[in-house]
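Everything on this sheet refers to the single structure shown next.
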Amino acid sequence: MKNKNRNRKLNKKNKVGGYGYFLVLAILIILFGFNNNSLSKTEIKYEDFTIGSNDSLWNIATLVKENNINYNKKDVREIVYELKQINNLDNSDIYNNQVIKIPEI
């Protein structure tokens, strides 16, 4: 009779230990697995860019895409949209000698 009670206690301890490991693992996943503060996110710095006579937002976006590692995987259309947002432009019209902000290249 004593052996049966002892075996039951041991089995309960093993089950609790297994649940404990699962609980610790779940907490670690929650704390570190869903962390939105990724180390890969970088602060984007901007520089002034003076528009030349043959420049367009498309050409500038292509320049940014080719020369800024944070933009090389983005579609040029996305970069054009972002340039318009950064500079409060309603459309893609830009003018000679106009100064706009672009991501550093």
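FYI, side chains are in, hydrogens and waters are out, and symmetry mates aren't considered; it's all heavy atoms of this structure. Residue indices begin at 1 and follow the sequence shown.
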Rounded distance [0.5 Å steps], CD1 in Ile79 versus CG in Leu57: 11.5 Å

Lys74 backbone acceptor or donor facing Lys65 side chain under 3.5 Å: yes

Asn87 side chain to Leu83 backbone, donor-acceptor under 3.5 Å: yes

Worked verdict on Tyr71 versus Glu66 for side chain to side chain contact (heavy atoms under 4.5 Å, CB included): CA-CA 8 Å; Tyr71 287 85; Glu66 292 171 352; over 6 Å; no

Residues, nucleotides or ligands: over 12 heavy atoms within 6.0 Å of Asn54 CG: no

Cluster overlap Phe49 with Tyr81, hydrophobic side-chain contacts below 4.5 Å: no

Using residues 97-105 as the side-chain source, report each donor-acceptor pair under 3.5 Å to any protein atom, sequence neighbours left out, with the distance given to one decimal.
unit_1: Gln98; atom_1: OE1; unit_2: Tyr95; atom_2: N; d: 2.8
unit_1: Lys101; atom_1: NZ; unit_2: Asp48; atom_2: OD1; d: 2.7

Non-neighbouring partners of Ser56 that pass side-chain hydrogen bond (donor to acceptor under 3.5 Å, both in side chains), sequence neighbours left out: Asn59

